[in-house]
Amino acid sequence: MNTASESNIPLLPKGVKYRFILEDLELAFSEKQLKNIVSQWEYGRSIEDIAEINSRNPHEIFLALYDQARKENIKRPFAYRIGRSRDENNSK
């Protein structure tokens with residue numbers, strides 16, 4: 001199922017039973033807290049340390065950093081991919 005649209009709003013077809021995930025996590029962050037999380041990450045702290053400092057679940061911190069990495073708002077590497085990228089595979 002392709003949930004991507006030009007407006008970045010997922011469009012789920014009606015009549016299908018869906019299971020929502022991550023419902024046990026709080027995915028909203030204040031601007032101040034998000035900036036603080038990014039700052040702590042850039043300083044070199046671990047996800048677990050940032051979670052403890054901010055009284056948040058480590059999974060929430062991971063998702064916040066993932067979001068910020070996608071938006072190119074962090075400098076410190078967040079994740080490494082092993083192997084070739086999709087673009088490299090398609091160029092052959």
Side-chain angles (χ1 to χ4, degrees):
M1 166 184 13
N2 183 358
T3 59
S5 67
E6 289 182 24
S7 64
N8 289 327
I9 299 172
L11 303 174
L12 303 174
K14 292 181 180 181
V16 177
K17 187 174 182 177
Y18 295 99
R19 183 169 301 215
F20 290 88
I21 62 170
L22 306 177
E23 68 277 354
D24 59 324
L25 301 177
E26 176 58 64
L27 301 180
F29 296 85
S30 70
E31 289 288 328
K32 182 178 178 181
Q33 188 175 44
L34 193 56
K35 287 179 183 179
N36 190 26
I37 289 167
V38 169
S39 176
Q40 291 170 5
W41 176 256
E42 298 288 15
Y43 182 73
R45 294 193 189 278
S46 70
I47 289 174
E48 293 77 14
D49 287 344
I50 297 170
E52 187 174 334
I53 291 166
N54 289 277
S55 300
R56 297 292 294 249
N57 184 306
H59 297 289
E60 295 168 358
I61 301 301
F62 169 83
L63 291 169
L65 290 170
Y66 172 75
D67 173 73
Q68 293 301 291
R70 285 185 64 220
K71 294 174 180 173
E72 299 180 358
N73 291 336
I74 62 174
K75 295 179 182 75
R76 178 179 168 208
F78 175 64
Y80 294 98
R81 295 181 120 181
I82 299 172
R84 294 183 170 184
S85 71
R86 179 182 288 179
D87 292 336
E88 289 175 354
N89 289 333
N90 290 337
S91 65
K92 291 186 176 185

Sequence-distant partners of I21, side-chain contact (heavy atoms from CB on, under 4.5 Å), two or more places apart
none
Return each pair, listed once, that meets salt bridge (charged side-chain N to carboxylate O under 4.0 Å, His left out) where at least one residue sits in residues 37-56; pairs must be two or more places apart or across chains.
R56-E60
Set of residues satisfying side-chain contact (heavy atoms from CB on, under 4.5 Å) with respect to S30, sequence neighbours excluded
K32, Q33
Check L34 against F29 and note the closest heavy-atom contact, atom names and distance.
CB-CB, 4.3 Å
Spacing of CD1 belonging to I47 relative to CD1 belonging to I61, to within rounding of 0.5 Å:
8.5 Å
To the nearest 0.5 angstrom, please state how far the CG atom of L63 sits from the CG atom of L25.
6.5 Å
Those residues that, when tested against Q68, pass side chain to side chain donor-acceptor pair (under 3.5 Å) (two or more places apart):
N73
Applied to residues 42-76, the ring-ring contact (aromatic ring centres under 6.0 Å, His included) test, sequence neighbours excluded, yields F62-F78
Taking only residues at least two apart or on different chains, which pairs with a member in residues 10-29 satisfy salt bridge (charged side-chain N to carboxylate O under 4.0 Å, His left out)?
none
Not counting sequence neighbours, list each pair that qualifies as a salt bridge (charged side-chain N to carboxylate O under 4.0 Å, His left out) and has a residue in residues 66-78.
D67-K71
Is there a path from I74 to I53 through hydrophobic residues (I, L, V, M, F, W, Y) whose side chains come within less than 4.5 Å of each other?
no
